[in-house]
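Have a look at the structure below, then the notes.
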Protein chains: 2
Amino acid sequence: MKRKITLKHIARELGVSISTVSKALKNSEEIGAETKGRIQAYAKLHNYKPNNIAISLKNKRTKNIGVIIPDIVHHFFTTVFRGIENYANAKGYNVIVCLSDESFDKEVINMELLANGSIDGFIMALSAGTQQKGDYNHLKEVTDQGIPLVLFDRVADEINCDKVVINDREGAYKAVTKFIKDGRKKIALITTDEHYSVSRDRAAGYKQALLDHNLEYDEGLILKFPTMEIDEKAIEDFFNKTEVDAVLSVNEIFAIASMRFVQAKGLQIPEDISFIGFTDGILSKYATPGLTAVAQHGEKMGEIAAQLLIEKIEVEVEEEIYVTRMLEPTLIERGSTRNNK
Amino acid sequence: MKRKITLKHIARELGVSISTVSKALKNSEEIGAETKGRIQAYAKLHNYKPNNIAISLKNKRTKNIGVIIPDIVHHFFTTVFRGIENYANAKGYNVIVCLSDESFDKEVINMELLANGSIDGFIMALSAGTQQKGDYNHLKEVTDQGIPLVLFDRVADEINCDKVVINDREGAYKAVTKFIKDGRKKIALITTDEHYSVSRDRAAGYKQALLDHNLEYDEGLILKFPTMEIDEKAIEDFFNKTEVDAVLSVNEIFAIASMRFVQAKGLQIPEDISFIGFTDGILSKYATPGLTAVAQHGEKMGEIAAQLLIEKIEVEVEEEIYVTRMLEPTLIERGSTRNNK
DNA sequence: GCTGTTAACGAAAACGTCTTTGTAAAATAA
DNA sequence: TTATTTTACAAAGACGTTTTCGTTAACAGC
């Protein structure tokens, strides 16, 4: 077992000073050619690599970025993460991931831990707990300390920082508009409780599209779940007692479960009933029929978030100006929708 | 913007020495009650938190673990990651994730970068590139330096370290045995090239089960893809020219795509043809019919990997003994299989 | 009053790196 | 030869902690 070698070892071994070694390895003009050669050769032979921690302490820069997300077992977040990791890595940054598990407390603890020097900046999506509680002090404290922060997807107006979101309202609007153009009249919405900013916006887009096309906005056509948990019973009840010819769902799972149920009931998709789901993930792609989806462009989102963050980290500017980048969602058409006029 | 405060600041402000502050904050008996009180109050007021980097440098312990996986947009890896993160976090460790993207070079670069002091140990699954190349020098170097390493799922015998795998052979064996018990005779295998250790083991279990039950092992019943890429055409060809009443697939996607095709062809699942897929993920659960799956217990695997690693990190032992933990897969029965006798 | 003990704190080194400043000797200029 | 500039390196401080080892001053015991 050969332990890591340090500047001090090399210096002692070669009978020179530490500073000489340091400079020689940076190819400084200050050091004589012969000495430089000896030192570089020795360093190469013994595979010297500077210690990241020592450099971090010196430079007050860790080249790490902290990513805090509610859950990694969720296709959308993984694609965002991939975008972040990819961009960050290319820029020489490593990524520390913490899962808040939708819990406010975990989010706070993890942030505070990382904020004590471990990272140069944060990228995060708020946990459900935090959004419910509406308490953003942990974020304020971080930004007050001058640590850059970028929020994505699940954001809050109360926080002053860069943000990357998709235009959820527009996504829902596009989906409903497509339904209407396809001749659908009874358009249902499956959503979650409104403390998720995304659900709120999507519901707004749904309503707006109906009104803009002179269709009635009927609360009876809205199925609302309190959490992200799926409730088969509620789905059955809803589809048994509500007449519907199109369904927009704020996530894949609700859509797929609903499709399954109506198919079992004997309905044909898309002839009798049409479906669109948010978050174009694995399920949408491989469902039968394929589920038309509002793509969120997670990977792009991650890239942009990383880009914004690294820019903030690397350029010192006295007057902070925060931007919100809004991505346009795209409708990926598959077998679950078709013209029905 | 209030910058982070250090021991030095407190010391200067309160007119004491740095060491006194340090001791007071650790509640040392050495410091007088009055002084201790003043210092603690001041620290609390200004929200003093020790700098992680400085502590890391001092202790030569970062409390970070490095996780290198081929891809995060893959349900199995995300579940493993969740297990790791969960256990590590509970033990006070943070997790740095790097994606090798199935590339040997990326794996090497990321490892070398992290190995220079950023982490206390590694958990990883080998990239496809590494497995193809069979070059494990980067791993050897890391272990030679005394950095603990735990491999999971995609492992290699050549490397001396702790390992966590599932019994892929047994998983395939169980699946094929179920087919046989259900009265199936023409059991196909959909797999990938053999440089994936997992594919190799699964194929072996498949063969063994057939032989043990006096069924013929027929190469014609095996559809082999060169990569993880799906090839619709190959699937069509295979099912058009091969008579099959059961299919074991080494991953979900191949299984789902095949199910789709045979359903489109007019076959009934599971009456005419039965399916089992590896890696019980989202798709298996929400497919129609549900896909019977060999569950890999990713989260458990991650937990065990983290546990093994942290143990190695925390207890110094001169004689290294490496263990391989093998998890037993479980068959999750769903609609895609049923007794057909 | 002297020695020895203890309480309460400070100084300094160490972790590994980088960088500024210092200092010999050698080379050049006067 | 002497003064001045270069060359080539060494010393030291700093990043923020922790910890060991001093160092005072007060006080007890004789």
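Both backbone and side-chain heavy atoms feed into the values below; hydrogens, waters and symmetry mates do not. Within every chain, numbering begins at 1; the chains are lettered A, B, ... in the order of the sequence lines, protein sequences first and strands thereafter.
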Do any side-chain atoms of residues 304-314 of chain A form donor-acceptor pairs under 3.5 angstrom with protein atoms, and if so which ones, sequence neighbours left out?
residue, atom, partner, partner atom, Å
A:Lys312, NZ, A:Asp162, OD2, 3.2
A:Lys312, NZ, A:Ile321, O, 3.3
A:Glu314, OE2, A:Tyr93, OH, 2.8

query: Below 4.0 angstrom, N of the basic side chain to O of the carboxylate: do B:Arg82 and B:Glu303 qualify?
result: no
task: Nearest whole angstrom, please: distance from the P of D:dT18 to the CG of A:Leu57.
output: 13 Å
- prompt: Would you say B:His138 and B:Phe104 make side-chain contact, with heavy atoms under 4.5 Å?
  reply: yes
field: Nucleotide D:dA12, atom P - distance to NZ of A:Lys23 in whole Å
entry: 14 Å
field: Degree of bending, the helix from C:dG1-D:dC30 to C:dA30-D:dT1 (end axes from five pairs; round to 10°)
entry: 80°
statement: Between CD1 of B:Ile18 and C1' of D:dT19 the distance, given in whole Å, is 13 Å
statement: Test side-chain contact (heavy atoms from CB on, under 4.5 Å), reference B:Ile18, set B:Thr6, B:Leu7, B:Ile10, output is B:Leu7
task: Check every nucleotide of DNA chain C for an atom under 4.0 Å from a heavy-atom of chain B, then give the first and the last such nucleotide from 5' to 3'.
output: C:dA8 to C:dG16
- request: Mind checking A:Ile55 for me? I need base, sugar-phosphate or nothing, with any heavy atom below 4.0 Å counting as a touch.
  value: sugar-phosphate
message: Looking only at side-chain N and O atoms, does B:Ser19 offer a donor or acceptor that is under 3.5 Å from a partner on B:Ser22?
response: no
- request: Using a strict cut-off of less than 4.0 Å between a Lys/Arg side-chain nitrogen and an Asp/Glu carboxylate oxygen, indicate whether A:Glu13 and A:Arg38 qualify as a salt bridge.
  value: no
- request: Would you check if the side chain of B:Gln40 reaches a backbone N or O of B:Ala24 as a donor-acceptor pair within less than 3.5 Å?
  value: yes
query: With a 3.5 Å cut-off and no angle check, do the side chains of A:Ser103 and A:Ser100 form a donor-acceptor pair?
result: no
task: Determine whether A:Val142 and A:Met111 make a side-chain contact, defined as any pair of heavy atoms from C-beta on separated by less than 4.5 Å.
output: yes
message: Going by the rule side-chain contact (heavy atoms from CB on, under 4.5 Å), which residues pair with B:Lys163 if we only count those two or more places apart in sequence or in a different chain?
response: B:Leu151, B:Val155, B:Cys161, B:Thr324
query: Picking from A:Asn94, A:Val67, A:Ile96, what satisfies side-chain contact (heavy atoms from CB on, under 4.5 Å) with A:Ile119?
result: A:Ile96
query: What is the nucleic acid contact for A:Lys58, judged by heavy atoms within less than 4.0 Å: base, sugar-phosphate only, or nothing?
result: base
- prompt: Using a cut-off of less than 4.0 Å, is there contact between a side-chain N or O of B:Ser22 and OP1 or OP2 of D:dT18?
  reply: yes
- request: Take atom CG of A:Leu14 and atom C1' of D:dC9, then tell me their distance rounded to the nearest Å.
  value: 14 Å
- prompt: Between A:Ser19 and D:dA11, does any side-chain N or O lie under 4.0 Å from OP1 or OP2?
  reply: no
query: Which part of the nucleic acid, if any, lies within reach of A:Thr6 when heavy atoms closer than 4.0 Å are counted: base, sugar-phosphate only, or nothing?
result: sugar-phosphate
query: Do any of residues 25-43 of chain B sit with a heavy atom less than 4.0 Å from DNA chain D, and if so which?
result: B:Lys26, B:Glu30
query: Any side-chain heavy atom of B:Ile53 within less than 4.5 Å of one from B:Ile55?
result: no
message: Tell me the interatomic distance from A:Asn116, atom CG, to D:dT17, atom C1', rounded to whole angstroms.
response: 13 Å
- prompt: Going by number, which of residues 44-53 of chain B have a non-hydrogen atom under 4.0 Å from DNA chain C?
  reply: none
query: Do the rings of A:His74 and A:Phe76 sit parallel, tilted or perpendicular, given the 30° and 60° boundaries?
result: perpendicular
query: Where each residue is assigned the nucleotide of DNA chain C containing its nearest heavy atom, which of B:Val21 and B:Ala54 is assigned the position nearer the 5′ end?
result: B:Val21
Backbone of A:Tyr42 reached by a side-chain donor or acceptor of A:His46 within 3.5 Å: yes
